[in-house]
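Read through the structure below, which is laid out as structure tokens, and then see the notes.
Quick note: numbers below take in every heavy atom, side chains included, and nothing from hydrogens, waters or symmetry partners. A quick note: this is a predicted structure, and the numbers were derived from the prediction, not measured. When a ligand or atom number is given, it counts from 1 through the structure's own listing order.
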Amino acid sequence: MTAFEMPGGRAAARPLLAKALSPAMLGRVELRNRIIKTATYEGMTPGGTPSDALVRHHVELARGGVGMTTVAYCAVSPDGRTFAEQMWMRDAIVPALSALVSAVHVEGARVSLQLGHCGYFSRNTELPGRRSLGPSRLLNEYGLLSGIPFSRAMDERELAATAADYAAAAACAKSAGFDAVEIHFGHGYLLSQFLSPATNRRTDQYGGSLENRLRFPLAVLDAVRARVGGGMPIVAKTNLRDGFRGGLELDEAVSVCEALERAGIDAIELTGGFTSRTPFYLFRGKAPIKEMIEVEKSRLHRMALRLFGRRVMRDYPFEELFFLPLAKKIRERVRVPLILLGGCLSTANLETAMSEGFDFVAMGRALIADPDLVARMTDGRAERSRCTSCNRCVAEMDRGGVRCVLDP
Ligand SMILES: Cc1cc2nc3c(=O)[nH]c(=O)nc-3n(C[C@H](O)[C@H](O)[C@H](O)COP(=O)(O)O)c2cc1C
């Protein structure tokens, strides 16, 4: 991997920036710097298959200097998709993924794959029986208007099969050459639904106390580790808070991170929010409801967005490094490498992350806006991203592929 050099004595003048832009180990894998492109769903997998556009997107990020890019949301099984166009792991797509990995490696970056299961958030009407599976029987706010109003509680057999799906998907990622896998423990997806007291109402060994709510997510981690071995880093993306009353709160998030550390995770990416209830807690800034209505294909969903969009998708004020105050509490309690995420836009933000003891920084919207930001920060041409946190890139995912609306 090629490391970027900071020219002209800047490294001595700004040692924290130099640290952020210097090589670092993620597990046993070296990244050329500490900047990770976080998963932002690309909308470039027609029929659930990686397209050339997906390859170009990640090559551009790699060429732009990130240490590692993350291919977003790959479901571990067909029923792990929230909707039909999402990629799900199967042997047939391994050659296309392998081509993506090779193209990213040519540019000197590492590449990770985010593995997820949507749990009860299914809007996937193609599935036999229109299933929505989760920890408990719940109102499926996300799939209500698609005719999937309630979820069913998963039984022991389904839990074991799903853990095996995660392991098989990770093994496929390894065979495609990915440098790391990221398991989604956050944003209200399946493992987050098990962790959250709001959605896990089970009375068996998988529900109730946090120890019980952790049982299935940790079983998934164990199954993945057993398949990929110690050489492949596993990252957990997990919530600091779900963002609503009754959801997972920081005190339990600390215990979740401690448990992940004990279970041998290689790094933890700290996030927050629950897709069905607090979607913009994840991003902060304005919810682009007008644009979301424009791209929504279903007439019923368009109507619901017009009527209830503002109530369901409330805005949260954007602040730079918006998860830092909560993430610091985790930093105090674990030694495992931590990835700070949320509103990182500038070299000054990178320096703050380093001074607060974070090992890596993940960036989403800033790198959608400026895929070459890291290279330009390295050679002194850029101090901050042009991203305005307008969140209109969120609607672009469904308009043909994620992109920054500031581009023509
Ligand atoms: C267009 C878009 C798509 C996203 N898709 C995903 C996703 O597939 N998986 C995920 O974990 N987070 C997803 N996110 C959330 C980001 O990973 C990240 O948590 C959030 O944008 C905050 O980081 P930022 O302030 O650097 O953008 C998405 C965000 C955006 C803007």
Side-chain angles (χ1 to χ4, degrees), residues 35-45 54 57-58 61 66 69-75 80-83 85-88 112-118 121 181-192 235-241 243 268-275 278-288 291-292 295 313 316-324 326-327 339-346 349-350 353 360-371 373-374 384-405:
I35 319 297
I36 297 173
K37 164 66 180 54
T38 195
T40 53
Y41 182 66
E42 301 90 353
M44 298 172 188
T45 52
L54 187 73
H57 179 73
H58 287 282
L61 287 157
V66 295
T69 184
T70 309
V71 176
Y73 204 89
C74 177
R81 295 172 295 168
T82 37
F83 51 89
E85 292 292 289
Q86 260 170 355
M87 175 161 66
W88 79 98
S112 168
L113 180 68
Q114 182 178 61
L115 295 175
H117 188 295
C118 66
F121 289 171
V181 284
E182 175 177 296
I183 304 179
H184 212 325
F185 284 81
H187 296 177
Y189 292 105
L190 180 66
L191 303 182
S192 176
V235 175
K237 187 168 186 176
T238 193
N239 276 3
L240 292 154
R241 284 191 70 223
I268 303 176
E269 182 176 3
L270 298 165
T271 186
F274 213 85
T275 303
T278 48
F280 284 85
Y281 189 77
L282 267 75
F283 314 106
R284 314 298 162 95
K286 239 180 127 42
E291 289 78 9
M292 290 175 83
V295 298
M313 283 183 273
Y316 296 84
F318 177 82
E319 279 173 54
E320 291 181 18
L321 299 182
F322 53 83
F323 282 133
L324 179 63
L326 300 180
I339 306 170
L340 183 67
L341 168 75
C344 179
L345 296 175
S346 66
N349 293 158
L350 294 179
F360 297 94
V361 180
M363 297 165 98
R365 289 164 295 178
L367 291 170
I368 294 174
D370 299 294
L373 188 63
V374 179
R384 67 182 293 116
S385 164
R386 65 179 171 153
C387 177
T388 60
S389 318
C390 72
N391 290 332
R392 284 160 62 196
C393 52
V394 174
E396 293 303 302
M397 295 186 295
D398 296 324
R399 220 196 285 273
V402 74
R403 65 177 206 105
C404 180
V405 297

Item checked: Check: Asp370 side chain, Arg386 main-chain N or O, donor-acceptor pair, under 3.5 Å -> yes

Can you check whether [X] has an N/O within less than 3.5 Å of an N/O in ligand 1?
| X | value |
| --- | --- |
| Arg365 | yes |
| Cys393 | no |
| His184 | yes |
| Ile368 | no |
| Ala39 | yes |

Check: Does NZ or CZ of Arg284 come closer than 6.0 Å to the centre of the six-membered ring of Phe323, within 45° of the ring's axis?
Finding: yes

Note to self: List ligand 1 atoms under 4.0 Å from Ala72, heavy atoms only on the residue side.
What the structure shows: 8 (O)

Next item on the list: Enumerate the atoms of ligand 1 whose separation from the nearest heavy atom of Gln114 is less than 4.0 angstrom.
Entry: 7 (C), 8 (O), 9 (N), 10 (C), 11 (O)

Margin query: Under the rule for side chain to side chain donor-acceptor pair (under 3.5 Å), what residues qualify as partners of Thr271, not counting sequence neighbours?
Written below: His187

Next item on the list: Quick one: list whatever passes side chain to side chain donor-acceptor pair (under 3.5 Å) with Thr278, sequence neighbours left out.
Entry: none

Item checked: From CA spacing to verdict: side chain to side chain donor-acceptor pair (under 3.5 Å), Glu182, Thr70 -> CA-CA 8 Å; Glu182 175 177 296; Thr70 309; 4.6 Å; no

Note to self: If I compare all heavy atoms of Ala395 with all of Glu291, which pair ends up nearest, and what's the gap?
What the structure shows: CB-CB, 3.6 Å

Next item on the list: With atom 19 (O) of ligand 1 as the reference point, say which of Thr82, Leu270, Leu341, Thr70 has the nearest heavy atom.
Entry: Leu341

Next item on the list: Verify the ring-centre separation between Tyr281 and Tyr316: is it less than 6.0 angstrom?
Entry: yes

Please classify the [X] to ligand 1 contact at 4.0 Å (heavy-atom distances, strictly less than): side chain, backbone, both or neither.
| X | result |
| --- | --- |
| His187 | side chain |
| Thr40 | both |
| Asn391 | neither |

Margin query: Just to check, does Gly342 reach to within less than 4.0 Å of ligand 1 when the distance is taken from its heavy atoms?
Written below: yes

